[in-house]
Amino acid sequence: MGTEVSGGGSPVTSAPAVRYDPLEVESKWRSRWAEASPGGLGAGERLPVPGRRKHYALTMFPYPSGDLHIGHWFAMVPADTHARYRRMEGDDVIFPMGFDAFGLPAENAAIRHGVHPYRWTIANMERMRGQLRSMGAAFDWDREVVTCDPAYYRWNQWLFLRLYEKGLAYKKFAPVDFCPKCNTTLAREQVVGVDRSCERCDTPVIRKDLDQWFFRITAYADELLDFSGLQWPERVVTMQRNWIGRSEGVQFAFSIQDRPELRFEVFTTRIDTVYGVSCCVLAPEHPLVEVITTPGQRQAVEAYRAEASRRSEIERLAADRERTGVPTGAMARHPLTGESIPIWVADYVLASYGTGAIMAVPAHDERDFDFARRYGLPVPVVVAPAGYAGGAPTHAHTEPGTMVDSGPYSGLSSEVAIERLADDFEARGLGRRQVNYRLRDWLISRQRYWGTPIPIVYCDACGTVPVPDEQLPVRLPEDARFLPTGESPLKYHESFRNCACPRCGGPAQRETDTMDTFVDSSWYQYRYLSPHCDDRPFDRAAADAWLPVDVYTGGVEHATMHLLYTRFFSKALCDLGLAGFREPMPRLFNQGVILGENSEKMSKSRGNVVNPDDLTARYGVDAVRVYLMFIGPWEAGGPWNPRGIEGPVRLLQRIYRLCGQAATAGSVAAGDGEGRRLRRAVHAAITAVTADLERFAFNTAIASLMTLCNEANGWLDAHPGAWPAEVAELGRVLALLLAPFAPHLASECWEMLGQPGSVHAQSWPQADAELLAQQRIPFVIQVDGRVRDRVEVDADATSDQLRALALESPRVQAATDGRAPVRVVVVPGRLVNVVTRA
RNA sequence: GCCGGGGUGGCGGAACGGCAGACGCGCUCGACUCAAAAUCGAGUGGGGAGACCCGUGAGGGUUCGAAUCCCUCUCCCGGCACCA
């Protein structure tokens, strides 16, 4: 055994400096586990054991960057601890792991160093598997999924074709976001920040008009807004809700003055302001602009459109840009009043949202207000705020109010008028209620090599032809060339690109775009259940039995990307008849981020990176695990404090020593008051650690273990000599409670205690409630809300007894100083408050 | 600007409306040691000799009682940002 005894004092007197060597103990258990169970908690690909509650624990799989950093540890170790706890609790647990192995870094390495993305990725995964194992996590490696494996991406293609058949995958020519550094288009979700930059590399995106493949996520917009039944962090729900951006309003048409055959539609959420329209505004890209612009305005309008399109490519949408525009010269006819309304073109109206045209109501919309003021347009008030006395408004009034100058609607509250006008527009056939979403369809085309080829062929004769299932997978060619220009290698790979049309056999060309890697991660949790299944993406019986995921953990940065996409996939898979549930991850937990010592984000350039290998070489894996969980609430993250690890290091040494002492305890219980005192501490710890693990409060769970050690040490010091069986129980419980947190040391302790089997295969200890119910409890007596006395009382003392006890207390009498109690509040089991003032 | 989440000792952080600061780091003192490290023990929010008083970003409110609930303000972090 790895025991090292220095000092050599009597084991009975205090402070025998018995220490264990973490490196030795950990290496011993690592090799034992490798022999005994190469898999993890789940032990093989199988269905849940009947009669046991299944538990699918999932932590977001890593990108194989080649190095496991402390952030991976922080994400995965608590997830492992929770999964291990659930298994000891009796659940049938699976806890799979794999690699999100497609993506740009591999291709960039190919361009820079000439190493093929496949080889680069495989080598990185090899290295990371070793690092992941060294973490001491009980991953089910026999379920491993690697997304760049043709055996995996084949099913991306298969699923793409099913979505295509359902109309949920389609190709469209549209203005799209393009990252000039990554040389590829991006989904709207992957463009972030005020300067609209690439989520991966931070480069501002530009706009291009391209033919691209989309997934019709908007078909599920309403269902995606339904978060009922999801135990998700509030902020993630909020972010998704905002991202989807549902708004209800009315869509209706304006006709062009003197050309009643021409009309354009507008969408508004404020139909109550329709009497306050002072102009209509079309987006520069609106098709009607060309048609209606009068000869006198043509030159100005063309110039404006040209400028707008150039601007959209350069500094598109600076947040607080001036709202500019030009009149088209054409007039529209107000559908209710018949008034002539000037039609303008302005690029603050987006072509991609709603109808690409609006009614401008300056008095009640801040953007329209700015626009009207700039061009001297009228600002008619139609919704009066409380106390409005007429006159020109100084700012837009966007709140509800009383309708004025609005024909038959005048006098109504604007909230009522919204409904009344919507009803009337619908009844008169002028327009209809309409729901719009900010959410756009998911652009999945990427002009990159290292992703799943989109299984589509273009034939001159047959047009767009899906690759038949039996021809899948469409494999990536191994001899692609990676050009420094960053152009798509597939596009210039003749033998990949040229192919026979699956339908007519004639010459045809493959689609050379690959899929967004977020497609891969949208259904990996299904594949883990039957990773070797080769005639379907996943086994239906396994999916029915194991899914949905019971606890999903990962970073919040995926709130409106991966987590939205995978919800979409689950709904689509359900509608395709492939699975029987609609929400993939009912319970989500976001861990925080570990920062450098200087509270900044860890990065090589900042020089504040904490290397887990250095730490484990010095303190051992268990200590690093425990420290990461002790550092604070998991969801908070926080700066790394290099000295803080000393606490967990001491805790582990104390537990080792306590278990060593417990191993010498006898088998006869003392059964007296002192024995009960020790047992009470042990069982209080069981209660606390259990409750904390249930709520992912790892930091306080570890604090409870520390408290138990402190109390146990005190007890042992106070009871020299031969120890009773209560001490043996202490040792067993310590090892059991420690097992999910520090699996190596817990195994060592269990063995040292002479217990059979593996500690990790034991049942979680149950607290003895009867033992914990104490007869005498500490009790607080307050006077006017301030603590004046503390006494010990019977736990079942009545309110009357407690009241009498309080009033008798000399300290209370001193504090009340002769004032008669006005009232006495008794909280049984807690305190009494004697109130002397009114 | 809008929407979330926060502000508690020197530091990380605890605290079903009921003893604020659990637990740990650090620090101080002590034991062991020739010495140091390790280990063990005691102490550690501020003020006061003391009984006590003051303390959870600021101010107000509800309550017998507020870090916790409500209102106003302030600062910090995150998300969104012309979405009509």
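A distance of about 14 Å separates the P atoms of G21(B) and U56(B), rounded to the whole Å. Using P as the reference atom, C34(B) and G45(B) are 35 Å apart when rounded to the nearest Å. The gap from the C1' atom of A58(B) to that of C76(B) amounts to 15 Å, rounded to the nearest Å. Distance check on atom C1': G61(B) versus G17(B) gives 15 Å, rounded to whole Å. Distance noted for atom P between G18(B) and G13(B): 23 Å (whole Å). Rounded to the nearest Å, the gap between the P atom of A42(B) and that of U74(B) is 48 Å. Taking atom P in both G79(B) and U63(B), the straight-line distance is 41 Å, to the nearest Å. Atom C1' of A37(B) sits at a distance of 23 Å from the matching atom of G43(B), rounded to the whole Å.
Listed by chain and number, the residues in a salt bridge (charged side-chain N to carboxylate O under 4.0 Å, His left out) with Arg788(A) amount to none (sequence neighbours excluded).
Distance CG (Asn833(A)) to C1' (A66(B)): 13 Å, rounded to an integer number of Å. Remark: P of C80(B) and OH of Tyr353(A) are 18 Å apart, rounded to the nearest angstrom. Atom P of nucleotide G24(B) and atom CG of Leu705(A) are separated by 12 Å, given to the nearest angstrom. Rounding to whole angstrom units, CZ of residue Arg235(A) and P of C77(B) are separated by 15 Å. Regarding His558(A), its NE2 atom lies at a distance of 14 Å from the P atom of G79(B), rounded to whole Å. One interatomic measurement links the two molecules: CD1 of Ile645(A) to C1' of G24(B), which rounds to 13 Å at whole-angstrom precision. Met706(A) has its CE atom 17 Å from the P atom of G12(B), to the nearest Å. The CH2 atom of Trp243(A) sits 18 Å away from the P atom of G4(B) (whole-angstrom rounding).
Within 4.0 Å (heavy atoms only), Asp784(A) reaches no atom of the nucleic acid at all.
A ring pair (Phe, Tyr, Trp, His ring centres under 6.0 Å) with Tyr627(A) is found for one member of Trp73(A), Trp640(A), Tyr619(A) and no other, namely Trp640(A).
Taking a cutoff of 4.0 Å between a charged side-chain nitrogen and a carboxylate oxygen, Asp784(A) and Arg786(A) do not qualify as a salt bridge. With respect to Asp177(A) and Arg207(A), no salt bridge is recorded, no charged nitrogen being found less than 4.0 Å from a carboxylate O. A salt bridge links Arg246(A) and Glu248(A); the closest N-O separation between the charged side-chain nitrogens and carboxylate oxygens is under 4.0 Å. Taking the charged nitrogens against the carboxylate oxygens, Glu366(A) and Arg323(A) have no contact shorter than 4.0 Å, which rules out a salt bridge.
Of the candidate nucleotides A84(B), A22(B), U39(B), A84(B) has the atom lying nearest to any side-chain atom of Phe267(A). The Ser247(A) side chain lies nearest to A84(B) when the options are C64(B), A84(B), C3(B). When distances run from any side-chain atom of Met239(A) to the nucleotides G26(B), G79(B), A84(B), the shortest one goes to G79(B). Looking at the side chain of Glu646(A), the nearest of the listed nucleotides G13(B), A81(B), C25(B) is C25(B). Nearest nucleotide to the side chain of Asn699(A), out of C23(B), G13(B), A81(B): G13(B). Out of C80(B), A84(B), G24(B), the shortest distance to the side chain of Arg438(A) is found at C80(B). Closest to the Thr238(A) side chain, of the nucleotides G4(B), C25(B), C23(B), is G4(B). Checked against A84(B), A14(B), G41(B), the side chain of Asn713(A) finds its nearest nucleotide in G41(B). Comparing atom distances between the Thr700(A) side chain and each of A22(B), G18(B), C25(B) picks out A22(B) as nearest. The nucleotide whose nearest atom lies closest to any side-chain atom of Gln782(A) is, among G18(B), G41(B), A84(B), G18(B).
Nucleotide A58(B) has U72(B) as its partner under the Watson-Crick or G-U criteria, with both atom distances under 3.5 Å. G50(B) is unpaired under the Watson-Crick or G-U wobble criterion, no partner having all donor-acceptor distances under 3.5 Å. Nucleotide C27(B): paired with G43(B) (Watson-Crick or G-U wobble, both distances less than 3.5 Å). Across all strands shown, A38(B) forms no Watson-Crick or G-U wobble pair with both key distances under 3.5 Å. Across all strands shown, G78(B) forms a Watson-Crick or G-U wobble pair, both distances under 3.5 Å, with C3(B). Across all strands shown, G17(B) forms no Watson-Crick or G-U wobble pair with both key distances under 3.5 Å.
Considering CG of Asp368(A) and CG of Leu377(A), their distance stands at 10.0 Å, rounded to 0.5 Å.
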When you compare the protein's N or O atoms with those of nucleotides 53-55 of chain B, which come within less than 3.5 Å of each other, and at what distance?
unit_1, atom_1, unit_2, atom_2, d
C53(B), OP1, Arg788(A), NH2, 3.2
C54(B), OP2, Arg786(A), NH1, 2.9
C54(B), OP2, Arg786(A), NH2, 3.2

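Looking at Asp347(A) and Tyr304(A), their side chains do bring a donor and an acceptor atom within 3.5 Å of each other.
Relative orientation of the His364(A) and His397(A) rings is perpendicular, given thresholds of 30° and 60° on the angle between their planes.
Nucleotides of RNA chain B nearest to Gly714(A) and Ile702(A) differ in position, and the one nearer the 5' end is that of Ile702(A). Mapping Ile631(A) and Val649(A) onto RNA chain B via the closest heavy atom, the residue that lands nearer the 5' end is Ile631(A).
Between Arg650(A) and C25(B), a side-chain N or O to OP1/OP2 separation shorter than 4.0 Å is present.
In this structure, G10(B) shows a glycosidic angle more than 90 degrees from zero, which is the anti conformation.
The minimum heavy-atom distance between Asn590(A) and Val236(A), with the atom names listed, is OD1-CG2, 3.1 Å.
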